[in-house]
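Worth saying up front: this structure is predicted, and the values here are computed from it rather than measured. Position 1 is the first residue of the sequence, and the numbers go up from there.
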Amino acid sequence: MKRFVFSIILICLIFSSCAFFSHYEEPSYDPIYATDVNGEFVPIHKDVDESKLDPKLFFKNNDGRYYYSDSGFVTKTGIDVSVFQGDIDWTAVKADGIDFAMLRIGFRGYGSKGIMEADAKFEENYTNAKNSGIDVGVYFYSQAVTSEEAREEARFVLSLLGDKELDFPVAYDWEYVDYAEARTAGMTSEQITLCAQAFCDEIRLSGREVSIYFNREIGYFEYDLPKLKDIDFWLAEYSEYPTFIYKFNMWQYTDSGSVDGISSNVDLNIYIEPMAVSDENISYETYG
């Protein structure tokens, strides 16, 4: 009797398998592969440029900062700051080897009203950093939940910038919020991506450059990267070298850096740009 029941079950399994494979279609999305040192499964997008930076060429100097030893690239050492760093002696910052600073220009609040505010130290930081010979870019901490709110944030940024000159992009910074009543709780990947697109599109209309700041998790699992592939990426990954598989040109590698002129811990970054190559009358860049 047991053998008969087993035979019936086996026949059912065979027929159900045949039915499954007869209706099976290749997935419309890109395949998923295990990657990097964390063994995470991350999406592989064939139409998003992969990073060509060699992890073995990143090194930490005696000053506690990371550098990249490839003659085909120029690197710059930077920080990102906000009102939380307090009063900053920008002359001392420059003397300590800092080439650029990403300044928080403003933010949207966590609560349901989502009120936008300028960073209380932005104007002071911008003026003093520029006067000290430090290149400047800005970032906006977003809590937009719709594309229209993201465009509103972009217009707010542009109003604060006025005719100020920037050396680095305007960066869009959306992050997970550990707050029970965060207005962004429950947002989908599609919504998060659409907000980033809307913000960057609005900024670009003014002729300014843009970038998107994210950590590995948000970059892999929240943003639809193929829709953002024409925008520069600013990666936050606190490790000995970046493991993010897609192309980025700025790496934030710690939030506990030490820089002369700043009394508190500060985020440290390295900007990696391709060396410009000239061939008589032809100029072009090699990208990594």
Side-chain angles (χ1 to χ4, degrees), residues 53-55 57-107 118-141 157 160-171 173 208-211 213 215 232-242 248-276 285 288:
L53 300 174
D54 186 343
L57 297 182
F58 285 94
F59 66 95
K60 191 174 186 179
N61 212 349
N62 294 332
D63 58 7
R65 298 168 191 167
Y66 279 92
Y67 300 87
Y68 188 68
S69 59
D70 186 327
S71 59
F73 293 83
V74 174
T75 64
K76 297 180 181 181
T77 299
I79 57 177
D80 57 272
V81 299
S82 70
V83 67
F84 297 113
Q85 273 66 51
D87 294 329
I88 296 175
D89 181 344
W90 286 98
T91 300
V93 170
K94 177 65 175 179
D96 196 19
I98 299 302
D99 302 310
F100 73 92
M102 297 294 290
L103 311 177
R104 189 176 76 161
I105 191 169
F107 62 95
D119 187 280
K121 285 288 185 178
F122 169 67
E123 293 288 346
E124 177 184 331
N125 284 337
Y126 175 87
T127 299
N128 293 338
K130 293 290 285 185
N131 288 343
S132 300
I134 293 175
D135 290 339
V136 168
V138 300
Y139 71 93
F140 184 85
Y141 184 86
V157 168
L160 293 174
L161 282 174
D163 59 358
K164 291 181 176 66
E165 294 184 0
L166 295 180
D167 312 287
F168 277 72
V170 176
D173 175 14
R208 295 187 183 273
E209 299 297 320
V210 294
S211 67
Y213 170 91
N215 60 22
D232 289 340
F233 296 155
W234 174 10
L235 172 69
E237 182 179 352
Y238 300 164
S239 59
E240 295 182 358
Y241 54 85
F248 58 91
N249 58 6
M250 195 184 301
W251 174 36
Q252 181 191 87
Y253 53 84
T254 184
D255 60 357
S256 57
S258 176
V259 174
D260 291 347
I262 302 177
S263 59
S264 64
N265 288 341
V266 63
D267 298 340
L268 293 178
N269 301 270
I270 178 173
Y271 180 80
I272 308 168
E273 64 178 351
M275 180 79 73
E285 291 183 329

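- Here D232 contributes atom CG and N249 contributes atom CG; the two are 4.0 Å apart, rounded to the nearest 0.5 Å.
- Aromatic pair W251/Y68: ring centres not closer than 6.0 Å.
- Between the side chain of S239 and the backbone N or O of Y241, at least one donor-acceptor pair lies under 3.5 Å.
- Rounding to the nearest 0.5 Å gives a distance of 8.0 Å between OG1 of T91 and CG of N128.
- Considering V136, D119, L166 in turn, V136 is the only one that fulfils the side-chain contact (heavy atoms from CB on, under 4.5 Å) rule with L103.
- Side-chain contact between Y139 and R104 is present, with at least one heavy-atom pair separated by less than 4.5 Å.
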Output a table of donor-acceptor pairs, distance under 3.5 Å, between side-chain atoms of residues 263-270 and any protein atom two or more places apart or on a different chain; print 'none' if there are none.
residue	atom	partner	partner atom	Å
D267	OD2	Q252	NE2	3.3
N269	OD1	W234	NE1	2.9
N269	ND2	D80	OD1	2.8

After noting the C-alpha distance and the side-chain angles of K164 and E123, does the key distance pass the salt bridge (Lys or Arg N to Asp or Glu O under 4.0 Å) rule?
CA-CA 10 Å; K164 291 181 176 66; E123 293 288 346; 3.2 Å; yes
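- Looking only at distances, no side-chain donor or acceptor of E124 sits under 3.5 Å from a matching main-chain atom of K121.
- Atom CG in N62 sits 10.5 Å away from atom NZ in K60 (nearest 0.5 Å).
- Between K130 and D167 there is a salt bridge, since a side-chain N of the basic residue sits under 4.0 Å from a carboxylate O of the acidic one.
- Within the 4.5 Å cutoff, side-chain heavy atoms of F168 are placed close to those of K76.
- For residues 89-103, the set of pairs meeting the salt bridge (charged side-chain N to carboxylate O under 4.0 Å, His left out) definition, not counting sequence neighbours, comprises R65-D96.
- Centroid-to-centroid, the aromatic rings of Y66 and F58 stay 6.0 Å apart or farther.
- Using a 4.5 Å heavy-atom cutoff, the side chains of T77 and Y67 are in contact.
- Residues F248 and P242 form a side-chain contact, since some pair of their non-hydrogen atoms from C-beta on lies under 4.5 Å apart.
- Of the inter-residue distances, the one linking L161 atom CG with F140 atom CZ reads 11.5 Å to the nearest 0.5 angstrom.
- For F84, the CZ atom counts as loosely surrounded, since its 6.0 Å shell holds 12 or fewer non-hydrogen atoms of other residues, nucleotides or ligands.
- Contact between V157 and V170 at its shortest, heavy atoms only, is CG1-CG1, 4.0 Å.
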